Structure formats: structure tokens, C-alpha cells
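Note that the structure is predicted; figures quoted are calculated from it, not measured.
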Amino acid sequence: MTPIDPGTLMGPLWTLLAYIGLGWLAARRLAVDPRPVATLLIYLVAPLTFFRGLVQGGPTPGYLLLTATLFALASLVAVVVHRLGRSAFAPQESALLAFSSGTGNTGYFGLPVALVLLPPQGVTLYLFCVLGVTLYEFTVGFYLSARGQFSVRQSLAKIARLPLVYAFLAALLVSGLGLGVPDAVMQGLAAFPATYTLLGMMIIGMTLGRVSVREFDLRFIGACVAIRYGLWPLLSLAAVLGLQALFPLSGELALALLLIGVVPMAANVVVVAMELGIAPEKGALAVLITTLAAPLLIPLYLTLMMRLAGLS
């Protein structure tokens with residue numbers, strides 16, 4: 001497998017930090033409100049981005065099994081954390097912690113790293129893993145987040161309004177029936193992945209531009225970091241070792257699963273928190289801290305985990 005070079009991560013990191021800085025400037029100097037941006041991401045940009053990616057990827061039963069497995073794992077982690085967190089945190093904070101526990105920055109940060117470390121087949125495997133995490137974010141994760149402020153009925157109603165699930169089903173229908181999407185449409189949709197990344201990271205900066213010192217909650221941030229950089233690396237390593245014990249596991253799939261476990265917190269934590277009004281400032285601080293730590297921790301984690309999994 002390709003050696004893990006810390007320099008590989010610096011390009012994606014500085015790009016993402018620059019986007020965060022642009023968002024901070026937009027909020028502080030131009031008084032841009034991040035809430036409409038969050039709504040735009042959830043209801044328009046994200047669904048079109050993942051519709052395009054799924055149609056292009058050509059889903060197969062094997063790929064969709066990866067998606068379903070990651071969806072189930074993310075949902076399980078979030079439900080367990082939600083039950084445990086309710087006794088230690090206020091409702092909004094426990095809801096945000098539960099949402100963040102099931103996801104990571106697999107797209108904005110993880111994908112550029114995957115493109116460097118993995119061959120094309122491995123990148124495809126990684127993308128269908130990411131799709132499972134994304135589906136969790138906009139179904140189970142969104143429900144758990146909404147429960148921090150809304151009733152069960154209101155929370156389910158909010159999920160029913162989310163277009164990403166319908167975009168996922170539409171892409172499966174198009175691929176399953178062998179329907180071709182016109183080239184002009186696919187070319188038009190090509191602008192959305194970059195827009196998704198740019199706005200997703202800028203909204204962190206916009207939220208940080210409104211943060212005061214009292215928003216720094218060491219206990220909440222510590223719990224987020226422990227789950228993201230403590231629990232998830234162990235889960236991904238255990239998954240790889242368990243699969244290797246059952247049948248021969250390709251190195252590409254093993255590395256894709258390990259990478260899912262070591263990326264920083266998801267920018268969508270802030271997007272969803274902003275949309276639902278559940279402590280987005282605390283979420284933004286936690287996301288920023290884990291992103292800054294990523295270039296130091298990811299090479300260390302991946303090198304050690306690859307060695308334990310027999311990949312290096």
C-alpha cells in the first residue's frame with residue numbers, strides 16, 4: 001500500500017481552512033447570515049451532489065451493501081451515544097453530540113486524501129462507504145438532532161421533507177432501469193460537488209464569526225473529540241480485522257474503511273445544527289479543533305492501523 005506521507009494531507013487541510021476563513025470574513029465583515037446557506041445545502045446542493053455521484057458510480061449489490069453497512073454502523077453509534085449523552089448533557093447538546101458521533105468529514109476532507117492513497121477502484125469503494133454515512137446524516141442523524149428541540153411527530157415530518165433520501169431513491173431507479181441522464185444535465189450537475197465543499201466549510205467560518213468565549217464548552221468538545229478520534233478508529237480497525245478473519249479482504253477496501261474511521265468531525269454537524277437551531281457555535285468549535293488535529297493524527301493512526309491489519 002502507499003506510505004502515509006503527512007505532506008499529503010497539507011493541501012486538503014489548507015484549502016479547507018481557507019474556506020473556513022472566507023466564511024469567517026463573510027460573517028464578520030459582510031454580516032452574512034449562515035442560516036439560509038445551511039438551508040440551501042440541505043435542500044438543494046447536497047441532494048443534487050449525491051444524485052450525480054451515485055448515477056456516475058454505477059451502484060451494484062456489492063457497493064450498496066457497503067452503503068447499508070456504514071449506514072447501520074453510524075446509526076447504531078449515534079443511538080447509543082444519544083442514550084448515554086442524555087444523562088450528561090442538556091437536550092440540545094446531547095442531540096448534537098449524538099448526530100456528530102455517527103459521522104465524520106468523509107467527503108470534504110476524506111475524499112481528497114482517498115484520491116491520493118487509493119487506486120480508482122479503491123476510491124469507488126470509499127465513495128459508497130461515504131454514501132452510507134451521508135444517508136445516516138439526513139435520516140437517523142437528522143431525526144436525533146431534531147429530537148433535541150422537537151417532538152417525535154415534528155422530527156419525522158422534518159425528515160420527510162428532506163430531498164436527499166428522494167435523490168438517493170431516484171438515482172437507484174435511474175441506474176436500475178438503465179435510464180441515461182443526458183450529458184447536458186450531468187455537465188450542469190458537475191458544478192455542485194465543489195459548491196457543496198465550499199459552502200459546507202464556509203458555514204463553519206460563518207458560525208465561528210458569531211462565537212463568543214462563553215461558547216467554549218470543554219466537556220462537550222472533549223466528548224466529541226473522544227468519539228471521533230478514540231471510538232471511531234477502534235471501530236474501523238475492528239471491522240477490518242473481523243472481515244479479514246471471515247474472508248480475504250482487499251487492501252483497497254481495508255484502507256477505505258480505516259480512512260472512514262480517522263477523518264475529523266463532519267462539517268455537516270454545523271449545517272444541521274444551524275438548520276435546527278441546536279448549539280451550532282459549539283459544533284463549529286469542535287469541528288475546527290478536530291480538523292486542525294487531522295494532519296498530525298491521521299498519518300499516525302493510519303500507519304499504526306495498517307500495520308496492525310497487515311497492510312504495510
Between [X] and [Y], is there a shared hydrophobic cluster once you connect ILVMFWY residues whose side-chain heavy atoms come closer than 4.5 Å?
X: V133; Y: L65; value: no
X: L76; Y: F71; value: no
X: V79; Y: L234; value: no
X: L235; Y: M265; value: yes
X: Y166; Y: V140; value: no

Can you measure from [atom1] ([X]) to [atom2] ([Y]) and round to the nearest 0.5 angstrom?
X: L156; Y: Y143; atom1: CG; atom2: OH; value: 5.5 Å
X: L164; Y: F168; atom1: CG; atom2: CZ; value: 9.0 Å
X: L66; Y: I260; atom1: CG; atom2: CD1; value: 9.5 Å
X: L41; Y: T195; atom1: CG; atom2: OG1; value: 9.5 Å
X: N105; Y: N268; atom1: CG; atom2: CG; value: 8.0 Å
X: L16; Y: L288; atom1: CG; atom2: CG; value: 11.0 Å

**Fill in**
When S100, S101, S94 are each screened for side-chain contact (heavy atoms from CB on, under 4.5 Å) with L97, the one that passes is S100
**Message:** Just to verify, which of I204, T39, V270, I203 counts as forming a side-chain contact (heavy atoms from CB on, under 4.5 Å) with P34?
**Reply:** I203
Shortest non-hydrogen contact between [X] and [Y], atoms and distance:
X: G110; Y: L259; answer: O-CD2, 3.7 Å
X: L96; Y: A273; answer: CD1-CB, 3.7 Å
X: A309; Y: L241; answer: CA-CD2, 4.0 Å
X: V240; Y: A254; answer: CG2-O, 3.7 Å
X: P47; Y: P163; answer: CG-CG, 3.5 Å
X: V271; Y: A38; answer: O-CB, 3.6 Å

**Request:** Let me see the working for L304 and L308 under side-chain contact (heavy atoms from CB on, under 4.5 Å), right down to the final yes or no.
**Result:** CA-CA 6 Å; L304 177 60; L308 292 173; 4.2 Å; yes
**Request:** Could you tell me how the ring of F99 sits relative to the ring of Y136: parallel (under 30°), tilted (30 to 60°) or perpendicular (over 60°)?
**Result:** parallel
**Item:** Ring geometry between F220 and F89 (parallel below 30°, tilted from 30 to 60°, perpendicular above 60°)
**Value:** perpendicular
**Request:** Go through the steps for C224 and T290 under the test side-chain contact (heavy atoms from CB on, under 4.5 Å), then give the verdict.
**Result:** CA-CA 9 Å; C224 290; T290 58; 5.8 Å; no
**Request:** Take Q154 and S151, measure what side chain to side chain donor-acceptor pair (under 3.5 Å) needs, and give me the verdict at the end.
**Result:** CA-CA 5 Å; Q154 290 172 319; S151 67; 3.3 Å; yes
**Item:** Derivation of the side-chain contact (heavy atoms from CB on, under 4.5 Å) call for E137 and V272
**Value:** CA-CA 9 Å; E137 290 179 352; V272 172; 5.8 Å; no
Side-chain touch [X]/[Y], heavy atoms, less than 4.5 angstrom:
X: T207; Y: W24; value: no
X: Y126; Y: E252; value: no
X: V287; Y: I20; value: no
X: L297; Y: R228; value: no
X: T67; Y: V130; value: no
X: L131; Y: L127; value: no
X: P91; Y: R86; value: no
X: R28; Y: M206; value: no

**Request:** Not counting sequence neighbours, which residues clear side-chain hydrogen bond (donor to acceptor under 3.5 Å, both in side chains) with S87? List them please.
**Result:** none
**Message:** Check for me whether the distance between the ring centres of Y196 and F50 falls short of 6.0 Å.
**Reply:** yes
**Request:** Please indicate whether R219 has more than 12 foreign heavy atoms, meaning atoms of other residues, nucleotides or ligands, lying under 6.0 Å from its CZ.
**Result:** yes
**Request:** Just do the side-chain contact (heavy atoms from CB on, under 4.5 Å) check on L25 and L30 with the steps written out, would you?
**Result:** CA-CA 7 Å; L25 286 173; L30 303 176; over 6 Å; no
**Asked** Hey, is the main chain of Y229 close enough, under 3.5 Å, to the side chain of Y301 for a donor-acceptor pair?
**Response** yes
